[in-house]
Amino acid sequence: PVGATNGFALAKKDVFGEIGFWAPQVWYENGKFMMAYTANENIAIAVSDSPLGPFEQTQQKPIIAEGKQIDPFIFIDTDGKKYLYHVRLTDGNRIFVAELNADYSSIKKETLKECIHASLPWENVDNVPWPVAEGPTVLRHDGRYYMFYSANDFRNPKYAVGVAVADNVYGPWQRIGDTALLSIHNTKWSGTGHGDVFKQGDKWHYVVHTHFSPQKVGPRRTAIVPFIFGKKDNAYQEPIFNGEKIVHLKAIKND
């Protein structure tokens, strides 16, 4: 174990929440490491001097008091404004965005707007009454905003990744294509979804969960999938995943 608290970077004694800790996002800002995470089906942000923790909160509370929310992603635009992309549990898992107050204490409620809900056939392959769109990651590239997101239940072998594009942080978001861009069909691994993007040099990569095997969901594995931005219609650049070069990391627990 390498985390500061018995091998963990974050321990519940130091922060908001009792159960259901997942979906952490960590970034560096003004000499501190910040972690947005889910607990008790709410979203909170903790702070540390080290990426190993301990991550702590002075006030142990979520940043949205009403309703249930999961899967936070903090996006800071070129003008310095901060936004929370997240999933709200309302008639399905739906992706929303809201501008954050500068100190991350809360959202500006008047800016809350829905971005995506599962409406395409590939996003609800079993036609369930509670459709799922979740795991948003947003980046700005070539003047446009790209949202990587996942659809279907994470236990479904057809859990997969789509990408949408917009001209501003609120949308409207236009799906790129009418099928998943990353799935079991081009990786040969089931349950491919809920990831994050990083760039190494001039090469883009998507870090993503997969099922442990075709027969077993967990403990889920992490994988790195390279992709490029290809030209399309001079309107936007389509992310093209190279599923053949998927690299698996060690299995991790899904809780």
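One N or O on the side chain of Thr38 and one on the backbone of Asp71 form a donor-acceptor pair closer than 3.5 Å. No side-chain donor-acceptor contact under 3.5 Å links Ser190 to the backbone of Pro157. Side chain of Tyr206 to main chain of Gly195: a donor-acceptor pair is present (N/O by atom type, distance under 3.5 Å, no hydrogens or angles). For Glu56 (side chain) and Gly53 (main-chain N/O), no donor-acceptor pair under 3.5 Å exists by modelled atom type. Of the possible donor and acceptor atoms, one in the side chain of Asp79 sits under 3.5 Å from a partner among the backbone N and O of Lys81. In this structure, His205 contributes its side chain and Ile224 its backbone to no donor-acceptor pair below 3.5 Å. Panel note: side chain Asn40, backbone Asn42; no donor-acceptor pair is recorded below 3.5 Å. Proximity of a side-chain donor or acceptor of Asp126 to a complementary backbone N or O of Val128 within less than 3.5 Å is not detected. Put simply, the side chain of Tyr85 gets close to the backbone of Val169: a donor and an acceptor are under 3.5 Å apart. Asn186 places a side-chain N or O within 3.5 Å of a backbone atom of Leu181 that can act as its donor or acceptor partner.
What you find for Pro129 and Pro131 is that their closest heavy atoms are O-CD, 3.3 Å. Of all non-hydrogen atoms in Ala164 and Tyr149, the two that sit nearest each other are N-CE2, 4.2 Å. Shortest non-hydrogen contact noted between Val125 and Asn152 is N-OD1, 3.0 Å. Looking at every heavy atom in both residues, Ile107 comes nearest to Asn101 through O-ND2, 3.8 Å. Lys109 and Glu66 get closest at one heavy-atom pair: NZ-OE2, 3.1 Å. Across all non-hydrogen atoms, the minimal contact from Thr137 to Val197 is CG2-N, 4.0 Å.
Side-chain atoms of Tyr104 and Glu29 form a donor-acceptor pair, as typed in the model, at a separation below 3.5 Å. Using modelled atom types, one finds a donor on one side chain and an acceptor on the other under 3.5 Å when comparing Asn93 with Trp130. For the residue pair Gln57 and Asp14, no side-chain donor N or O sits within less than 3.5 Å of a side-chain acceptor on the partner.
Asn168 CG: more than 12 foreign heavy atoms inside a 6.0 Å radius. Counting heavy atoms of neighbouring residues, nucleotides and ligands inside a 6.0 Å radius, atom CD of Gln200 does not exceed 12 of them. Atom CG of Asp103 is surrounded by more than 12 heavy atoms from other residues, nucleotides or ligands within 6.0 Å.
Ile76 and Phe198 end up in different hydrophobic clusters when Ile, Leu, Val, Met, Phe, Trp and Tyr side chains are linked at under 4.5 Å. Grouping the Ile, Leu, Val, Met, Phe, Trp and Tyr side chains by contacts below 4.5 angstrom, directly or via other members, places Val47 with Ile43. At a threshold of 4.5 Å between side-chain heavy atoms, the hydrophobic network of Ile, Leu, Val, Met, Phe, Trp and Tyr places Tyr236 and Trp204 in one connected group. Put simply, Trp173 and Leu120 are part of the same group of oily side chains (I, L, V, M, F, W, Y) that touch within less than 4.5 Å, one to the next. A chain of hydrophobic side-chain contacts below 4.5 Å, direct or via other Ile, Leu, Val, Met, Phe, Trp or Tyr residues, connects Met34 to Ile64.
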Between Lys13 and Thr5, does the side-chain contact (heavy atoms from CB on, under 4.5 Å) criterion hold? Intermediate values first, please.
CA-CA 10 Å; Lys13 67 180 180 63; Thr5 307; 4.2 Å; yes
Decide yes or no on side-chain contact (heavy atoms from CB on, under 4.5 Å) for Leu84 and Ile74, but give the supporting numbers first.
CA-CA 5 Å; Leu84 173 67; Ile74 306 297; 3.7 Å; yes
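The aromatic rings of Phe148 and Phe241 sit perpendicular, their planes meeting at an angle over 60°, well past the 30° parallel limit. Using cut-offs of 30° and 60° on the angle between ring planes, the pair Tyr83 and Tyr170 is perpendicular. Between His86 and Phe96, the ring planes lie tilted relative to each other; the angle falls in the 30° to 60° range.
Here the straight-line distance linking atom CG of Leu89 with atom CD of Glu41 works out to 5.5 Å at 0.5 Å rounding. Considering OG of Ser105 and CD1 of Ile63, their distance stands at 8.5 Å, rounded to 0.5 Å. Atom CD of residue Gln174 and atom CE of residue Met147 lie 13.5 Å apart, to the nearest 0.5 angstrom. Note that OG1 of Thr192 and NZ of Lys158 are 13.0 Å apart. Values are rounded to the nearest 0.5 Å. Taking NE2 of His141 as the reference point, atom CZ of Phe229 lies at 4.5 Å (rounded to 0.5 Å). Atom NE2 of His185 sits about 10.5 Å away from atom CH2 of Trp122, to the nearest 0.5 Å.
With Phe75 as reference, Arg140 is the one residue of Gln25, Arg140, Lys82 to meet the side-chain contact (heavy atoms from CB on, under 4.5 Å) rule. Of the residues listed (His209, His211, Glu134), the one engaging Tyr159 in a side-chain hydrogen bond (donor to acceptor under 3.5 Å, both in side chains) is Glu134, and it is the only one. Screening Arg221, Arg220, His248, Lys188 for a side-chain hydrogen bond (donor to acceptor under 3.5 Å, both in side chains) with Thr210, the sole residue that qualifies is His248.
Listed by first then second residue, pairs satisfying salt bridge (charged side-chain N to carboxylate O under 4.0 Å, His left out) with a partner in residues 189-201 number zero, not counting sequence neighbours.
In this structure, Phe55 has its ring center at least 6.0 angstrom away from the ring center of Tyr37. His194 has its ring centre no less than 6.0 Å from the ring centre of Phe154.
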